[in-house]
2 protein chains.
Amino acid sequence: MKMEGGSTPNALLGLLSLRPMSGYDIRQMVSRSIGHFWSESYGQIYPGLKRLAAAGLVEKKTERNKGKPDRNLYSLTADGRERLQEWLKIPVAEETARNELLLKLFFGVHVAMSVNREHVASNMEFHQRALKVYTAMAKQLRRDKANDPNLPYWLMTLNYGRHHSAAILKWCRETLAELDEIESKGKRRK
Amino acid sequence: MKMEGGSTPNALLGLLSLRPMSGYDIRQMVSRSIGHFWSESYGQIYPGLKRLAAAGLVEKKTERNKGKPDRNLYSLTADGRERLQEWLKIPVAEETARNELLLKLFFGVHVAMSVNREHVASNMEFHQRALKVYTAMAKQLRRDKANDPNLPYWLMTLNYGRHHSAAILKWCRETLAELDEIESKGKRRK
DNA sequence: AGATACATGTAAGTTGTTACATGATTAC
DNA sequence: GTAATCATGTAACAACTTACATGTATCT
């Protein structure tokens, strides 16, 4: 009974600390609430919950529904809560995230300028959309979760997204301008 | 002969477009030049080069050295260069990167405030160091690679890092202040 | 009639890291 | 003498995604 390592099982414990959920619920939560900084697929969630149950960190209760399929509701046990708290205390291991956009831009000399511009432009659109989503989510949270002790923490994660997207947006604008400059310099020389 | 998918083989082609290199050289390059947005381990590099050679995208030449061990120098073939260019044109797939710091902060209500503060503080230090590194690298590049057609592109990737780290730094400062506020509010109520 | 939401799970495949195995040379 | 750098590779393991398999109910 190891249950060490990966953050996935710990993420599951964290989500179950909010309320008892099924694997399906968890998937919804991940893509809706924490989708801007986390992801989990069914292939991780269902086997993960099974392992957590075997380790006694979560409890499974099957909810039978007429018409609708059965739901396996998982809830955190005392051991599970303890485990979650221990994990939360462990310093975050910062690994350099791979960034395919930067990799392609790094080799940008090999392609037409329009290609590089396209990459940056679509990244720009991505972060423009993201900013709108963050703002909408923050508004909704402040309305629906006023008085929820989680609120300030949740807003912090949204703020991270805001700062990040705003910065990248600025970089995109600057970079597009620079790409134009490179092109016009190249043309002038011809 | 598939050679589709993953960006790793394409990253290898890109690096070999700069100059012929050995697997060892590539590892050095990755950790020194593009380490702030990419990573590759030997376990990926050596088998990857072998597969690229089998597909005719790179060529291997063994360089025998007295005293020192042999070096397997790989260089890009015409096919390899073409493949690289094709890949560079493919739009970047943006996937949400997992962020363990945000995940832990999201569940911050479960632990003592000092724990959350520590996470944010060490992230702050990380980005402070990163900013210095980016600045030093940009300076060095401008000196060593003036006239290199790659220079503007390489500076763009460094600029991304600058914008990103500066933004996260700002977020860290704001977040530390907010954490202090939550704590003092909690104490006032007692 | 067909798409979407609800609901659970497995299997295969991909991708990646870490540790191991080996061994010479050079700098301290 | 011992640690670091040079140099290549494999094997075992860990993590994660996607597609598949199955079936009902509701909405359009």
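Numbers restart at 1 for each chain; the letters A, B, ... are given by sequence-line order, proteins then strands. Remember, predicted model here, so these are calculated numbers, not experimental data.
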### Task
Quickly work out the A:R32 CZ to C:dC6 C1' distance and round it to whole Å.
11 Å
### Message
Taking B:E178 first and then B:K185, would you say they form a salt bridge - that is, a charged N and a carboxylate O separated by under 4.0 Å?
### Response
no
### Task
Could you check which of D:dT17, D:dG9, C:dG9 has an atom nearest any side-chain atom of A:Y74?
C:dG9
### Task
Please assess A:E40 against A:W38 for the test side-chain hydrogen bond (donor to acceptor under 3.5 Å, both in side chains), listing each intermediate value before the final yes or no.
CA-CA 7 Å; A:E40 294 291 351; A:W38 205 257; 2.8 Å; yes
### Message
What is the separation between atom CD on B:Q44 and atom P on C:dT17, rounded to the nearest whole Å?
### Response
6 Å
### Task
Provide, to the nearest angstrom, the distance between the CZ atom belonging to A:R64 and the C1' atom belonging to C:dC6.
17 Å
### Query
Where do A:L155 and A:R142 land on the side-chain contact (heavy atoms from CB on, under 4.5 Å) test, with the steps shown first?
CA-CA 9 Å; A:L155 289 177; A:R142 263 186 263 264; 3.5 Å; yes
### Task
Side chain of A:Y24 only, please: which of D:dA7, C:dA5, C:dG9 is the nearest?
C:dA5
### Query
Just how far, in rounded Å, is C1' of D:dT8 from CD of B:E63?
14 Å
### Query
When rounded to the nearest 0.5 angstrom, what distance separates NZ in A:K61 from CG in A:N72?
13.0 Å
### Query
B:R27 has an atom CZ; how far is it from atom P of D:dT8, in whole Å?
13 Å
### Message
Side chain of A:S39, heavy atoms from C-beta onward: which of C:dT8, D:dT17, D:dG9 has the nearest atom to it?
### Response
D:dT17
### Task
Nearest-nucleotide wise, let me know which of B:D70 and B:R98 is further upstream toward the 5' end of DNA chain D.
B:D70
### Task
Would you classify A:G43 as touching base, sugar-phosphate or nothing, given that sugar-phosphate means primed atoms plus P, OP1 and OP2, and contacts are heavy atoms under 4.0 Å?
base
### Message
Tell me whether B:E118 at atom CD has more than 12 heavy atoms from other residues, nucleotides or ligands lying less than 6.0 Å away.
### Response
no
### Task
May I ask you to verify if any side-chain N or O of A:T8 is less than 4.0 angstrom from the OP1 or OP2 atom of D:dA15?
no
### Task
Just compare C:dG9, C:dA7, D:dT10 and give me whichever is closest to any side-chain atom of A:R71.
C:dA7
#### Entry: Value in whole Å for how far the P atom of D:dA11 lies from OH of B:Y42
19 Å
## Note on the structure
A:K50 NZ to C:dG9 P, in whole Å, measures 6 Å
### Message
In whole Å, I'd like the distance from the OH atom of B:Y46 to the P atom of D:dC6.
### Response
12 Å
### Summary
Among D:dC6, C:dG9, D:dA7, the one nearest any side-chain atom of B:Q28 is D:dC6
